[in-house]
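Here is the structure we will look at.
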Amino acid sequence: MRQLKDIASLIRSKNAGPFVLTFDIMFSSDEDYEIVARSGALSREMFAALYKQPVEKVRLFACPNARAFKFSIPRPLTQGDLGDGDMHGGQQSSPLMYVEIP
Amino acid sequence: MDEIRYVAASGAIGAGVHEPSLMQALELKPHFIASDAGTTDAGPFALGSGKTAFSREAVLRDTDIVLRAARKASIPVLIGSVGTAGADAHVDWMLDIVREIAADRGISLRVAVIRSEQDKGYLHELNAEGRILALDPAPPFDDATIDRSSHIVGMMGVEPLQAALEAGADLVIAGRCSDPALYAALPILRGFPPGLAWHAGKVAECGTLACETMGKGVIFATVRQDEAVIRPVGDGLRCTPQSIAAHSLYENADPYLHKECSGALDLTHSCYEQADEISVRITGSEFPAADRYTVKLEGAELAGYQSLIIGGVRDPYIIMQLDEWLSQITAYIKKGVTELLKAKPDEYTLVFHVYGRDAVMGVLEPRRSELPHEVGIVVEATAATQALATAIIQYCRQPLLHAPIPQWKGAITGFACLHNPAEIERGPVWRFNLNHVAVPHSSSEMFRMEMLTVGEALECVS
């Protein structure tokens, strides 16, 4: 079965301000976007399980004109606070690479 | 006036303005040039300390280029969030740079300085009136938060910038500022639709990041009554409907709704079309006005002084029981710090960043239980003084080196120190302590504008 990394053109994470992490999944064609959209594999429940977050904290946006999906969650630790290991929030997206797309 | 045209010189003053592209963009007859110069992206250090993320030399170079271009075209320049965090110390730093440029070039400038650092007494009054509200998620907040903060800034919208432009400024030096506001201020002042003005500004503010592929150049925008057009200027740069639509995702929690002081930019009904080979036309963007005017607050406070020790572990017996090994070491250290250094557990924080296991993702790491053959460990001690932080971290070295494990009989050295001396002093470290908005009594009371004449003209320019 194909995984998200085999279809997406970019999977990335970043701070959205010091208190929120945001994840973008982007595609280089409308067809690829539609394949993933129709699969239903990207859901708040999937993300909540993968990142061990309560599902009500997970926001999901479908952006067809950008050929993208976006997840946002509260940061487990505020950017730069004691214990935070990713100042820019840029290295939090790798687990999404292996999501299976039926 | 049937349109407003402008140039976004850079994603950040100090990161490098591409002068040939900026000069080329002048041929399109812009009405102003703008750029932001700050962000929270680098972390709380700049706001906490009053220092800057970019060097003085780099900011002077970029500012000089922008001012020369603006002078050539006889148009104003707006620079916002100066000095990275836009506190008063940063505004003074930027003003000093502008004074140097004016002196070196022999020019005179009417400079509007807009300060956005907030007086603590004023914030206490707002809080007493219930005019400081939490966003979601927000750290705990009370009057003591205000007192602990080293600097608190309010993020200005278009209104103070419009006042500066109406006062005839050649250069606006703004403290903390909404990035798109720098670009939306003049179009809205001249009666263009706020939805298109804010959206064009939102796209322009990151410079060429809105292009299909990043490259050297500037963004040129045109705002009309029924459309906004985004055009890159620079070799090989191209905007597409997809690259412009995708840009609204970047660093935003919600790709469709962007809150500002006076309302929210709503992109739900935005349309993107290729206007020519490299430009994109935006229509349909809306900016419903907010019920009340709010100003986002940013604050930073001292978290303490920090020292750290960096090393690694290669022994598979230690790695397979890393949690137990670390908790044994932690217990030993805490006991020693209490007995020898007389510091109570709540007077310091000890953090182990275990690279190879979960240092990067922390609690979000799904593969924590997979055992690597080697781990890197950064131990951080943070305390009220540098001396205590360093004493604690120096005390950590022995238990890290020699904590026993049952698999080996006899003394081991289980931690590979990277340095000698093993400890590194980091100095003061800061934390963001506000994700709140203020509800001021008026849109102007949180921002203070001053008009200055900087420099003396050595030549007559007409």
Side-chain angles (χ1 to χ4, degrees), chain A residues 9-10 12-30 33 47 49-53 57-96 98-99, chain B residues 39-45 47-48 135-139 241-257 267 270-272 296 298 300 303-304 306 349-355 358-368 378 380-382 429-435:
Chain A
S9 57
L10 177 62
R12 70 184 179 191
S13 66
K14 195 76 170 63
N15 296 334
F19 299 92
V20 174
L21 271 177
T22 194
F23 300 74
D24 296 339
I25 300 147
M26 313 180 83
F27 303 91
S28 51
S29 72
D30 291 337
Y33 173 84
F47 191 96
L50 189 58
Y51 284 89
K52 294 168 284 183
Q53 296 294 301
K57 295 282 185 192
V58 180
R59 304 172 73 194
L60 168 62
F61 302 92
C63 309
N65 58 16
R67 295 197 294 258
F69 293 93
K70 175 184 273 295
F71 290 99
S72 295
I73 56 169
R75 254 179 161 280
L77 289 168
T78 302
Q79 176 195 11
D81 205 351
L82 301 184
D84 178 34
D86 189 0
M87 190 64 70
H88 299 84
Q91 281 294 302
Q92 305 300 312
S93 60
S94 305
L96 288 169
Y98 309 101
V99 172
Chain B
T39 173
T40 58
D41 194 39
F45 176 77
L47 184 57
L135 299 172
D136 181 32
Q242 196 263 345
S243 78
I244 297 293
H247 178 68
S248 68
L249 277 77
Y250 189 67
E251 292 181 342
N252 290 304
D254 183 331
Y256 293 116
L257 201 64
L267 308 186
S270 297
C271 290
Y272 308 89
K296 181 149 188 302
E298 290 174 353
Q306 199 169 76
T349 305
L350 199 59
V351 176
F352 295 88
H353 297 275
V354 182
Y355 284 89
D358 61 355
V360 171
M361 293 190 62
V363 298
L364 299 181
E365 177 57 70
R367 296 170 67 177
R368 188 183 193 275
V378 178
E380 278 174 4
T382 311
V429 294
W430 312 83
R431 66 162 61 95
F432 287 120
N433 62 1
L434 287 172
N435 195 28

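A, B, ... follow the sequence lines: proteins, then strands. Residue 1 opens every chain. The structure displayed is predicted, hence computed values, not measured ones.
When side chains are defined from C-beta on, A:Pro18 does not count as touching B:Asn435, because their heavy atoms never get closer than 4.5 Å. For the pair A:Leu82 and B:Arg431, the minimum side-chain heavy-atom distance is below 4.5 Å. Counting heavy atoms from C-beta outward, A:Arg75 and B:Pro137 have side chains that stay 4.5 Å or more apart.
Nearest heavy atom pair, residue B:Pro255 against residue A:Cys63, reads CG-SG, 3.6 Å. The minimum heavy-atom distance linking A:Pro95 with B:Met361 is given by the pair CG-CE, 3.7 Å. Residue A:Lys52 comes nearest to B:Val363 through the heavy atom pair NZ-O, 3.2 Å, listed as atom of the first residue, atom of the second, then distance. Considering all non-hydrogen atoms of both residues, A:Thr22 and B:Asn252 come closest at OG1-O, 3.4 Å. Here the closest non-hydrogen pair linking B:Leu364 and A:Tyr51 is CD2-O, 3.5 Å.
Between chain A and the residues B:His353, B:Arg367, B:His247, the largest count of heavy-atom pairs under 4.5 Å involves B:His353. Between chain B and the options A:Met87, A:Arg67, A:Gln91, the largest number of non-hydrogen pairs under 4.5 Å is found for A:Arg67. Put simply, of A:Met26, A:His88, A:Lys57, the one with the most heavy-atom pairs under 4.5 Å next to chain B is A:His88. Interface remark: of the candidates B:Tyr250, B:Phe352, B:Tyr355, B:Trp430, B:Tyr250 forms the most heavy-atom pairs closer than 4.5 Å to chain A. Of the listed residues (B:Ala253, B:Gly43, B:Ser248), the greatest number of heavy-atom pairs within a distance under 4.5 Å of chain A belongs to B:Ala253.
Of the two parts of A:Phe27, only the backbone, made up of N, CA, C and O, holds a non-hydrogen atom closer than 4.5 Å to a non-hydrogen atom of chain B. For B:Ser243, no part lies under 4.5 angstrom from a heavy atom of chain A. At a 4.5 Å heavy-atom cutoff, the contact between B:Leu434 and chain A is made by backbone atoms alone. B:Asp358 does not touch chain A: none of its heavy atoms, backbone or side chain, sits under 4.5 Å away. For B:Ala359, the part sitting under 4.5 Å from any heavy atom of chain A is the backbone (N, CA, C, O) and nothing else. Both the backbone and the side chain of B:Pro366 have a heavy atom closer than 4.5 Å to some heavy atom of chain A. Neither the backbone nor the side chain of A:Leu77 comes within contact range of chain B; no heavy atoms are under 4.5 Å apart. Looking at A:Ala62, only its backbone comes within 4.5 Å of chain B, counting heavy atoms on both sides. With a 4.5 Å cut-off on non-hydrogen atoms, B:Glu365 touches chain A through its backbone but not through its side chain. With a 4.5 angstrom heavy-atom cutoff, B:Thr40 touches chain A via backbone and side-chain atoms both.
Under a 3.5 Å cut-off, the side chain of A:Gln92 and the backbone N or O of B:Val360 do form a donor-acceptor pair. A:Gln79 places no side-chain N or O within 3.5 Å of a backbone atom of B:Phe432 that could act as its donor or acceptor partner.
A perpendicular orientation is assigned to the rings of B:Tyr256 and A:Phe61, their planes being inclined by more than 60° (bins at 30° and 60°).
Distance CD/B:Gln242 to CG/A:Asn65: 9.0 Å, rounded to 0.5 Å.
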Practice prompt. Please step through salt bridge (charged side-chain N to carboxylate O under 4.0 Å, His left out) for the pair B:Asp254 and A:Lys70, ending with a clear verdict.
Written response: CA-CA 8 Å; B:Asp254 183 331; A:Lys70 175 184 273 295; over 6 Å; no
